[in-house]
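For reference, the structure is listed below as structure tokens.
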Amino acid sequence: MLSEQELIRRESLQKLIDYGINPYPAQEFNRSHFSSEIKENFNEGEKVIIAGRLLRRKIQGKASFGVIQDSKGKIQVYFNRDTICPDENKDQYNTVFKKWLDLGDFLGIEGVVFKTMVGEITVEVQKFHLLSKALKPLPMPKVDKDGNIHDAFNDPELRYRRRYVDLVVNEQVKDTFVKRSKIMSSMRNFLNAKGYLEVETPILQPIPGGAAARPFITHHNSLDIPLYLRIANELYLKRLIVGGFEGVFEFAKDFRNEGMDRTHNPEFTQMEIYVAYKDYKWMMNFTEEMLETICLEVLGTTEVSIGDNKVNFKRPFKRISMLDAIKEHTGHDLSSMNESQIRAVCKELGVEVNETMGKGKLIDEIFGEKCESSYIQPTFITDYPVEMSPLCKKHRDNPELTERFELMVNGKELANAYSELNDPIDQKERFEEQVKLAEKGDDEAMFIDHDFVRALEYGMPPTSGMGIGIDRLVMFLCNQPSIQEVLFFPQMKPESKSASKKLELTENEQIIYDIISKRKLMDLVELKDLCGLSNKQWDKGIKSLGKQNITKVVKTDTGLTVEYIQ
RNA sequence: GAUUCGUUAGCUCAGCUGGUAGAGCACAUCCCUUUUAAGGAUGGGGUCCUGGGUUCGAACCCCAGACGAAUCACCA
């Protein structure tokens, strides 16, 4: 069902066509300037050709002001009837411009730059060309002198579902995505400059490996096998290190079939990098250098506001081992405790645990509950328990720990890195432990990837690998509280199809219709009784019939009568 | 998954104790030649999220459902 405004626009469209104007012309439109160039280099009297969307229009008789928005911003345009129509025929202004154009249409404009009396840089239109007609009205937010936004288009659901509209009317949304793109190219440039190779590895994987997560599953018809959408690309990148590359990285879309909230989308982007002959200590230096460089390139500063916090990405970042972090925050030194002692600590601290958790998992729980959220400034948490990290080398000094770090920022994990496990026999055993977990019902335990073990058997040099969540990094650097704000098209439930046409009468309407269409005219109360419907059903039915112009309720001296309209 | 709040015109939102739905912007008609969110006059526009129920009467009360947001839980 079209709204009145949409119907009017379709009529205007037809009138334009009848008048001989093609509302969707094919040919290229050559511009001389972007809006920003005109404003940055004001040059009174300069002839310019611009193009964009008509976003505001104020008609005041023979003159009108408008605003054209192009990809670089907005600029005011001035339409004067006698400039546009120097001859007798004033159609171009009076009819084409005033009556048949609408807000949202794309126009090409040839004109001259000047400043209005109020001092705003403006293009006086000499000729305008319709480049594309818009049939739906855009929301029209306005900003007043005090910076208040009126009629803001700010319903998150509508904004995400119609991101194209969001981008047109909310400039700051565009800024976020421009920044996202800059962050990614800055990171890519940094990695390329270090001499590492950007690669692409399979998204459809027969064995989803490299992380603990539930995968999406699909099916390949001609092979007749299940395939999984990748949850990580770690195992493939490490195969490439086996193959002899010095360093490889990939910006990877990963997919995890888990809950959605403001920090989790089913598909998200991770950058993973693996560098031969390095360890996790080297990777810490590398990571902080990369992040500092990106901040300076994209923001011009290492200082970032994230919510109420000020975060500084200036090197060096704080480093602390997980056990030291726990000691610092709880006063408990777990380093020499056994499992039952740690379990007692959990109880004392009020950390919820269950019987299936081993020593490592207990330590991880304590850290997650008591420490994680307090690391606002970038901090490397190092040396995780071995059970939590089946792809990571055991610590050189302590076999219960691994050479692993996570980078915490604003109380959240941003990056995760290892000295990669390259002992094939150890790797196979760790996989087998995961299988035992799976048999116990852990639906996130890893599958055994025999080919990956085989690759390690051919020999992988010592390697350090790191994964960094791009969406989360963008959230931090753009100070956005939700992942949906940094994804163009966040996953959403499908729109309901309740808009399905209701041309036919409902059951209740049909009952009323059957009676009144034979009698043509009758008393309302009598009709209602004859129908035998409940009050609500009657009320809805008769109102709906009235709206569809099938019946009409007429008030008379004696009461109400219902009339059937042919 | 739990709790709370919300869903009314194209957009942003009012709508009291239940009594036939309102405003601003946008739209339409007319007037207006340099305006700064908003010039003037007039007018049109509604599945009050959906379905039931209570009631003489429901946008409003009750039940069920859909969708969304926030918080929490779970999860990287």
Side-chain angles (χ1 to χ4, degrees), chain A residues 1-9 11-12 56-67 76 78-83 93 98-99 102-104 114-120 122 124 135-161 165 169 211-214 231-232 254 256-265 268 270 352 364 368 372 388 406 412-416 443-444 467 469 471-472 481-482 484 492-499 502 506 508 525 528 534-540 543-544 546-548 553 555:
Chain A
M1 195 60 184
L2 294 175
S3 70
E4 185 198 22
Q5 291 189 43
E6 289 171 291
L7 290 170
I8 289 166
R9 283 171 183 240
E11 281 168 25
S12 303
R56 185 133 310 139
R57 188 168 61 155
K58 188 186 173 194
I59 296 173
Q60 23 185 53
K62 293 173 198 156
S64 303
F65 285 92
V67 169
Q76 180 165 267
Y78 174 70
F79 294 82
N80 182 302
R81 190 184 70 183
D82 298 326
T83 309
Y93 180 80
K98 274 170 60 172
K99 296 215 191 299
D102 291 290
L103 296 180
F114 77 109
K115 255 187 199 169
T116 63
M117 289 167 78
V118 201
E120 180 156 350
T122 305
E124 175 164 21
L135 295 181
K136 276 185 178 294
L138 288 163
M140 285 288 143
K142 285 176 220 58
V143 183
D144 68 19
K145 282 179 219 127
D146 306 323
N148 303 314
I149 299 175
H150 302 259
D151 302 331
F153 180 63
N154 56 11
D155 177 53
E157 187 192 356
L158 264 183
R159 286 182 45 233
Y160 304 150
R161 287 194 194 280
V165 174
V169 303
R214 285 208 299 272
I231 55 176
D254 291 336
R256 297 188 182 175
N257 203 345
E258 290 170 347
M260 290 165 58
D261 58 34
R262 70 182 194 291
T263 55
H264 297 85
N265 195 62
F268 63 101
Q270 252 197 122
E352 251 180 71
D364 189 61
E372 190 174 276
M388 312 303 303
E406 288 194 357
K412 301 260 162 56
E413 175 198 343
L414 177 60
N416 183 15
D443 53 2
E444 285 182 346
D471 307 296
R472 204 163 272 184
S482 99
Q484 295 163 316
M492 304 198 69
K493 281 199 189 179
E495 284 184 74
S496 67
K497 286 175 187 161
S498 66
K502 210 173 146 191
T506 66
N508 296 337
V525 178
K528 182 179 166 191
S534 76
N535 287 320
K536 177 79 105 192
Q537 290 168 329
W538 159 258
D539 189 60
K540 291 247 177 207
K543 276 181 180 162
S544 172
K547 274 189 189 136
Q548 294 173 64
V553 179
K555 207 171 199 171

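Bear in mind that the values here come from a model prediction, so they are computed numbers and not experimental data. Reminder, nothing fancy here: chain letters follow the sequence lines and each chain counts from 1.
For Glu406(A), the salt bridge (Lys or Arg N to Asp or Glu O under 4.0 Å) partners two or more places apart in sequence, or in a different chain, are Arg404(A). With sequence neighbours left out, the side chain to side chain contact (heavy atoms under 4.5 Å, CB included) criterion links Lys99(A) to no other residue. Taking the salt bridge (Lys or Arg N to Asp or Glu O under 4.0 Å) definition, one finds that Lys136(A) meets it with Glu6(A), sequence neighbours left out. Among residues two or more places apart in sequence or in another chain, the salt bridge (Lys or Arg N to Asp or Glu O under 4.0 Å) test is passed with Arg472(A) by none. The salt bridge (Lys or Arg N to Asp or Glu O under 4.0 Å) search around Asp155(A) returns none, not counting sequence neighbours. The side chain to side chain contact (heavy atoms under 4.5 Å, CB included) test applied to Ala63(A) returns Tyr78(A), not counting sequence neighbours. With sequence neighbours excluded, the residues that form a side chain to side chain contact (heavy atoms under 4.5 Å, CB included) with Leu7(A) are Leu2(A). Every residue was checked against the side-chain hydrogen bond (donor to acceptor under 3.5 Å, both in side chains) condition with Thr116(A), not counting sequence neighbours, and none meets it. Remark: Arg262(A) pairs with Ser482(A) by the side chain to side chain contact (heavy atoms under 4.5 Å, CB included) rule, at least two apart or across chains.
For rG18(B), there is no paired base (Watson-Crick or G-U wobble, both distances below 3.5 Å).
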Report summary line: Scoring nucleotides 1-11 of chain B by protein non-hydrogen atoms under 4.0 Å (B base, S sugar-phosphate only, - none) yields ---------BB
Listed pairs, N/O of protein and of nucleotides 30-32 of chain B, under 3.5 Å:
unit_1  : atom_1 : unit_2   : atom_2 : d
rC30(B) : OP2    : Lys99(A) : NZ     : 3.1
rC32(B) : N3     : Gly61(A) : N      : 2.9
rC32(B) : N4     : Gly61(A) : N      : 3.1

List, with names and distances, any nitrogen or oxygen atoms from the protein found under 3.5 Å away from nitrogen or oxygen atoms belonging to nucleotides 69-74 of chain B.
unit_1  : atom_1 : unit_2    : atom_2 : d
rU71(B) : OP2    : Arg262(A) : NH1    : 3.4

